[in-house]
Amino acid sequence: MEKTLRGVGVSHGVAIGQVRHMGTAVLEPPATQIPTEDAPREQARAQAAVEAVAADLIARGNLAGGEAQAVLEAQALMAQDPELMADVSRRIAVGSSAERGVYDAFAAYRALLASAGEYLAGRVADLDDVRNRIVARLLGVPMPGVPDSDEPYVLFARDLAPADTALLDPTLVLGFVTEEGGPTSHSAILARAMGVPAVVALPGASDVAEGTVVAVDGSSGDVLVEPSTEKQDELRRIAAERKAALAASSGPGATSDGHRMPLLANVGGPADLPAALEAGAEGVGLFRTEFLFLDDSAKAPTEEKQVEAYRKVLEAFPEGRVVVRVLDAGADKPLDFLTPADEPNPALGVRGLRTLLEHPEVLRTQLRALATAVEGLPVHLEVMAPMVADRKDAKDFAEACREAGLSAKFGAMVEIPSAALRARSILQEVEFLSLGTNDLAQYAFAADRQVGALARLQDPWQPALLDLIAFAAEAAQAEGKSCGVCGEAASDPLLAVVLTGLGVTSLSMGAASIPYVRTALAKYTLAQCRRAAEAARAADSAEEARAAAQQVLSGE
Ligand code: PEP
Ligand code: MG
């Protein structure tokens with residue numbers, strides 16, 4: 001029976017396909033005792049599950065080839081380790097179920113590895129993955145992590161961490177739906193980067209059965225469960241028409257009366273460049289360098305590896321502007337070797353620039369790698385720090401950049417309300433500002449961006465957020481410096497018009513949003529943008545602000 005679920009649409013377009021759920025990360029089987037006579041049967045079940053998981057890992061390795069094959073084969077060997085299997089059998093003989101025996105035997109082996117020096121400790125995550133696979137198979141639940149599927153699918157998850165999403169095959173994921181996560185969560189950001197439709201904060205997402213056909217409308221936030229074939233055809237037709245209209249848009253961003261608004265792309269690394277170029281991005285407004293660090297959260301990537309990735313991004317825009325953000329670790333992007341494990345409130349803890357100032361060697365290496373990467377290139381390199389709270393932060397960052405001999409503009413992200421309120425003082429130390437509206441909303445409203453239930457407060461149309469943006473933009477104008485937006489607010493076409501009216505000087509977003517924003521801006525004059533901005537700021541809620549701007553722009 002067709003029904004409609006409603007969440008928050010965060011990445012435009014329509015995806016129609018079968019649901020595949022992201023498996024839960026940790027499965028702890030109940031510690032129930034089994035009768036002794038069941039032990040041989042349970043031992044056989046455990047053995048069969050281990051063999052099936054090992055065979056699956058080897059098969060996936062053959063498919064993947066290269067470095068991934070070596071990793072998957074090593075995992076298959078771990079699964080079949082004779083001592084580990086002997087321990088599983090012993091545990092079952094004294095009353096454990098197959099799944100509990102596997103779980104406990106792996107836990108004991110894990111503790112051994114974790115204490116056995118850096119190299120083996122680094123293998124703990126691989127061992128956990130093998131354990132989770134065997135336990136999932138025994139429990140008959142979906143495999144943990146990214147679904148194993150050869151067919152394209154719509155990914156359903158509670159939420160997606162950047163580390164999970166790094167493993168997704170973009171050719172198979174038609175769209176995302178998550179139960180948690182607000183409009184600024186990493187699921188939303190990733191969906192936009194991949195150019196696939198997405199809906200977040202959808203209550204009941206985990207109850208939609210595996211294999212069900214759904215239609216996800218990333219603009220309205222509607223998810224149709226089991227839509228009729230007629231409905232599917234209609235949605236496909238509308239999506240194709242919209243896409244064709246947008247594909248016709250090109251050129252630099254500007255209002256209808258020629259006020260320039262550079263449209264830049266947010267990228268996580270070289271893999272995002274083709275989409276950025278195709279969308280006609282005029283440069284990169286936010287290079288989230290932490291994605292280079294997520295492959296192995298136990299240590300930083302080497303300076304050479306960093307130089308290589310930075311150079312590829314810098315070369316893609318020979319005459320353009322590329323704004324690189326130094327590592328933003330912590331909170332929802334923890335790194336084992338940098339992020340304290342025991343913070344009561346990681347989002348309010350040592351993260352972003354704070355982490356780098358505590359680990360100056362990591363910052364130095366990154367800045368040195370950037371200095372090497374930009375050598376001989378005509379690109380306009382700008383480097384900025386995340387989570388700048390005050391003038392001292394900005395000064396410390398600018399000094400580190402100067403010490404590294406970096407020939408670039410240095411800037412500060414405005415993600416903390418204190419930085420927006422005292423933007424002029426921060427601009428005494430740096431040359432530009434970039435508004436990270438995702439975190440700015442999180443901190444202004446004390447609303448965790450990971451929590452779907454708080455989506456109302458993370459709505460970038462909130463007038464208080466618009467006020468903070470206006471403060472920063474006015475300060476930059478008074479200092480004769482630039483102030484862009486690189487948070488997700490920039491990717492909402494109507495809000496982009498309002499941001500232009502508030503005085504920001506560039507807009508950076510996931511590449512897929514650029515044509516939508518370009519088309520919206522080209523419809524209005526700067527004076528209309530300003531009137532829409534004024535009307536939105538005068539409202540008392542996000543909804544009213546949106547409606548007020550719409551009303552001004554439609555000339556009602
Ligand atoms: C932001 O906070 O708005 C931002 C651009 O940074 P991130 O989303 O990576 O935290
Ligand atoms: Mg941020």
Side-chain angles (χ1 to χ4, degrees), residues 10-11 159-163 165-166 181-193 198 200 264-269 272 284-294 323-335 339 346-356 382-389 393 397 411-420 432-451 457-462 465-466 468-469 472-473 483-492 495-496 499 504 506-511 513:
V10 292
S11 180
D159 199 0
L160 292 167
T165 49
T184 61
S185 63
H186 283 95
S187 315
I189 294 171
L190 186 93
R192 290 192 195 111
V200 300
L264 310 166
N266 289 355
V267 303
D272 294 332
V284 168
L286 169 62
F287 177 2
R288 289 186 163 96
T289 56
E290 53 276 9
F291 284 96
L292 297 174
F293 287 68
L294 288 173
V323 186
V324 179
R325 172 173 77 189
V326 292
L327 177 66
D328 183 21
D332 49 342
K333 292 173 281 195
L335 289 178
T339 312
L348 303 181
V350 180
R351 59 162 300 196
L353 179 65
R354 301 164 187 181
T355 305
L356 292 174
E382 302 189 4
V383 181
M384 66 183 180
M387 301 291 294
V388 170
D393 273 352
F397 175 64
M413 286 190 74
V414 176
E415 307 188 270
I416 306 177
S418 60
F432 70 94
L433 299 177
S434 180
L435 285 146
T437 49
N438 309 333
D439 277 315
L440 192 55
Q442 157 162 271
Y443 296 119
F445 291 93
D448 190 329
R449 61 195 270 196
Q450 304 291 100
V451 177
L457 295 171
Q458 293 138 359
D459 189 326
W461 281 92
Q462 282 282 0
L465 184 68
L466 301 181
L468 289 169
I469 295 170
C483 175
V485 174
C486 66
E488 296 306 299
S491 66
D492 171 337
L495 188 49
L499 294 171
V504 310
S506 64
L507 298 168
S508 190
M509 65 207 83
S513 302

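Counting starts at 1 for both ligands and their atoms, in listed order.
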Does the [X] side chain pair with the main chain of [Y], one donor and one acceptor, at a distance under 3.5 Å?
X      : Y      : value
Glu415 : Met387 : yes
Gln458 : Asn438 : no
Arg354 : Gly349 : yes
Asn266 : Cys486 : yes

**Fill in**
For the Mg ion (ligand 2), the nearest N/O/S atom on Asp439 is atom OD2
**Item:** Glu415 atom (N/O/S) at minimal separation from the Mg ion (ligand 2)
**Value:** OE2
For [X], counting its heavy atoms only, list the atoms of ligand 1 lying under 4.0 Å from any of them.
X      : value
Lys333 : 7 (P), 9 (O), 10 (O)
Gly487 : 3 (O), 5 (C)
Cys486 : 5 (C)
Leu286 : 5 (C)
Asp439 : 1 (C), 2 (O), 3 (O), 10 (O)

**Heavy-atom nearest neighbour of atom 10 (O) of ligand 1 within options Arg325, Arg288, Arg449** = Arg449
**Asked** Stepwise, does the side-chain contact (heavy atoms from CB on, under 4.5 Å) test hold for Phe397 with Val383?
**Response** CA-CA 10 Å; Phe397 175 64; Val383 181; 3.8 Å; yes
**Request:** Measure across Val388 and Ala412 and return the closest heavy-atom pair with its distance rounded to 0.1 Å.
**Result:** CG2-CB, 3.8 Å
**Item:** Pair Arg288 + Asp328: basic N to acidic O under 4.0 Å
**Value:** no
**Complete:** Going by the 4.0 angstrom heavy-atom rule, the piece of Leu440 near ligand 1 is neither
**Item:** N, O or S from Asp328 under 2.8 Å to the Mg ion (ligand 2)
**Value:** no
